[in-house]
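We're numbering straight along the sequence, starting at 1. Counting starts at 1 for both ligands and their atoms, following the listed order. Remember, predicted model here, so these are calculated numbers, not experimental data. Basis for what follows: all heavy atoms, side chains included, without hydrogens, waters or symmetry-related copies.
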Amino acid sequence: MALPIFKLNLLHLFSISLFLFTSASISHSNSNDFCEAGALYGAAGCGISPPLSSAKLLIKGGTVVNAHHQEVADVYVQDGVIVTVRPNLKVGDDVQVLDATGKLVMPGGIDPHTHLAMEFMGTETIDDFFSGQAAALAGGTTMHIDFVIPVNGSLTAGIEAYERKAHKSCMDYGFHMAITKWDEDVSRDMEIMVKEKGINSFKFFLAYKGSLMISDELLLDGLKRCKSLGALAMVHAENGDAVFEGQNRMIELGITGPEGHALSRPPVLEAEATARAIRLASFVNTPLYVVHVMSIDAMEEIAKARKSGQKVVGEPVVSGLVLDDSKLWDPDFSIASKYVMSPPIRAPGHAKALQAALSTGILQLVGTDHCAFNSTQKAFGIDDFRKIPNGVNGIEERMHLVWDTMVETGQMSVTDYVRITSTECARIFNIYPRKGAILAGSDADIIIFNPNSSVGISARSHHSRTDTNVYEGRRGKGKVEVTIAGGRVVWINDELKVSPGSGKYVEMPPFNYLFSGVDKADDSYLASLNAPVKRSKSTRCRGEVDGLVSQVSQAGIVPEITLHHLPLGPSFREDGGVRRTAWTSTPFRFPLSELRNGLPPIIALSCHPEMVLWT
Ligand code: URP
Ligand code: ZN
Ligand code: ZN
């Protein structure tokens with residue numbers, strides 16, 4: 001196999017030492033070698049091989065599919081950017097040509113939800129920013145957005161840690177940021193993340209009591225802050241307190257295996273938290289993104305909110321779209337435990353409903369929640385399901401499984417496939433049309449997809465570092481034959497050609513399209529309040545008051561006038577004063593003359609604004 005010559009990227013000098021070890025194109029059939037090669041460069045991960053980089057590239061004769069349109073056209077790429085999309089392009093000899101006749105040329109997938117190198121539940125996800133991304137590229141995904149987890153609540157420490165983790169990236173990536181505590185520093189740092197770090201979304205975990213979970217009070221503070229910054233609020237929607245209760249209930253019942261995971265956090269707890277987050281976002285009037293929608297119950301809450309006009313995005317993940325919970329009951333712990341994720345994979349029926357919601361637009365885009373642990377890590381929970389690290393793989397399988405499940409079954413058009421796997425993510429995170437499109441000026445993140453071929457999925461051949469695969473044994477129609485990332489051919493002939501450090505961080509600006517109209521909605525909300533009611537503080541008591549007005553106050557609708565120290569009048573008090581009370585809200589005449597006996601009254605009164613005090 002021909003090896004291209006390394007081009008050292010001066011911007012990534014850190015990777016020079018890594019290059020010293022080895023270089024090889026790694027094929028699909030020997031992906032274990034790929035992982036072993038990764039071990040050679042210590043922490044960096046799984047495999048290295050330089051990309052086939054040609055500054056000029058022509059993809060010829062394919063059907064170019066965008067979310068809005070498809071046509072037979074050629075795509076000309078130069079220096080990582082799409083220059084022209086037009087039929088019958090003529091180019092010079094210095095251009096690498098890829099024949100795509102009879103195939104689909106589509107934007108590379110964008111995975112909105114991944115956890116690479118995440119410290120979680122006492123361990124760290126097995127795929128880092130190299131091995132996870134290499135796997136993604138082999139499956140046709142060319143960008144992902146990962147969740148930065150703050151360090152002891154600190155956003156700045158969190159981003160620094162993730163910037164280090166991501167040094168070895170071999171494809172483009174962006175960051176969301178989780179918010180795990182609330183104080184002035186966090187509020188200030190959210191602004192820094194948005195304005196200086198290119199983060200435009202913050203995630204709030206309503207579950208994982210004792211670690212990531214936040215309170216409703218924090219959620220409200222966070223929603224308000226997100227709104228003011230133009231950042232998208234995201235929620236992991238499960239009621240963490242109730243999950244805790246459910247877990248205790250299972251343990252008391254002696255259910256300690258992986259099935260206890262599903263039983264302890266039923267759909268009603270997902271629906272409750274989804275509904276709560278939706279209502280609080282409505283109260284604040286800010287857009288909301290619900291991650292990993294796993295149940296009919298949660299999906300219906302989203303459908304209801306969207307129908308009412310609320311800006312709510314629902315993200316199903318591949319596991320929820322294609323799996324059911326039956327494997328959690330498998331007598332073999334190593335099989336059952338690999339399906340443990342949160343919210344849980346649901347009973348048969350939910351997946352089909354989520355697919356329908358996706359095809360009808362109730363749900364908008366598909367993620368993976370790629371959060372891979374190997375079987376040794378999963379075994380931490382052999383005696384107690386609460387200790388099984390939560391998460392499944394999917395970053396490599398998403399594009400194929402969504403095609404097979406949605407397009408191959410006739411539930412979705414090819415253009416809609418592009419929308420839910422790429423374009424909508426780019427729009428929501430405000431990087432369209434740089435990403436998510438095959439247009440002149442877009443980044444050259446492209447796949448060549450053969451709808452007539454097929455792929456099989458197995459831990460033996462996948463590129464993730466994990467030794468298991470929740471989609472083991474599945475075979476589906478359609479195959480990503482070529483992946484081009486940033487103009488580099490990184491996957492071709494079942495071979496990965498990637499090098500650490502070649503991926504770029506993609507900054508994502510705030511105020512995506514979901515924010516348009518928020519200010520107008522705020523205005524009409526304020527107008528609808530019909531408040532504050534203007535109540536005059538001073539009364540219109542006019543005329544001569546024969547005495548000293550000691551107090552004028554507003555005491556509500558019912559006016560009250562009290563006269564003190566008057567010996568005469570219609571009624572007397574024990575202290576010699578007289579009390580006159582006017583139970584009216586219409587102009588009221590209070591004939592002082594009737595009370596006068598030559599002594600100056602001291603008048604303490606609270607008047608209705610329209611009351612007139614006559615002398
Ligand atoms: O089980 C899951 N989903 N693990 C990853 C963390 C999260 O909740 O997204
Ligand atoms: Zn989550
Ligand atoms: Zn997640």
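- The shortest distance between side-chain heavy atoms of C371 and M118 falls below 4.5 Å.
- The heavy-atom pair separating G394 from H370 by the smallest distance is N-ND1, 3.0 Å.
- With a 4.0 Å heavy-atom cut-off, ligand 1 is reached by the backbone of N390 and by its side chain too.
- The atoms of ligand 1 that sit less than 4.0 Å from any heavy atom of C371 are 4 (N), 5 (C).
- Applying the 4.0 Å criterion to heavy atoms of S342 picks out, from ligand 1, the atoms 1 (O), 2 (C), 3 (N), 8 (O).
- The closest donor-acceptor contact from the side chain of W403 to the backbone of V480 lies at 3.5 Å or more, if one exists at all.
- Listed by chain and residue number, the protein N/O/S atoms under 2.8 Å of the Zn ion (ligand 3) are H113 NE2, H115 NE2, D369 OD1, with waters left out.
- Sorted by first and then second residue, the ring-ring contact (aromatic ring centres under 6.0 Å, His included) pairs with a member in residues 195-214 read F120-Y208, F205-Y208, F205-H236, Y208-H236; sequence neighbours excluded.
- Close contacts between ligand 1 and M341 involve ligand atoms 1 (O) [criterion: under 4.0 Å to a heavy atom].
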Test D467 against S375 for side-chain hydrogen bond (donor to acceptor under 3.5 Å, both in side chains), laying out the working first.
CA-CA 7 Å; D467 57 349; S375 41; 2.4 Å; yes

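- Salt bridge annotation for D330-K327: absent, with no cationic side-chain nitrogen under 4.0 angstrom from a carboxylate oxygen.
- Residue-ligand proximity, Y208 to ligand 1, at heavy-atom distances under 4.0 Å covers atoms 1 (O), 2 (C), 3 (N), 4 (N), 6 (C), 7 (C), 8 (O).
- With respect to the salt-bridge test (charged N to carboxylate O, under 4.0 angstrom), the residues E119 and K165 qualify.
- Of the listed options I388, D369, T114, I345, D369 places a heavy atom closest to atom 3 (N) of ligand 1.
- Aromatic rings from H261 and Y339 are positioned such that their centres are separated by 6.0 Å or more.
- H115 NE2, 3.1 Å is the protein heavy atom nearest to atom 9 (O) of ligand 1.
- Close to ligand 1: K203, with a non-hydrogen atom less than 4.0 angstrom away.
- Here H144 and F129 bring their ring centres to under 6.0 angstrom of each other.
- In summary, the aromatic rings of H113 and F147 are positioned with their centroids under 6.0 Å apart.
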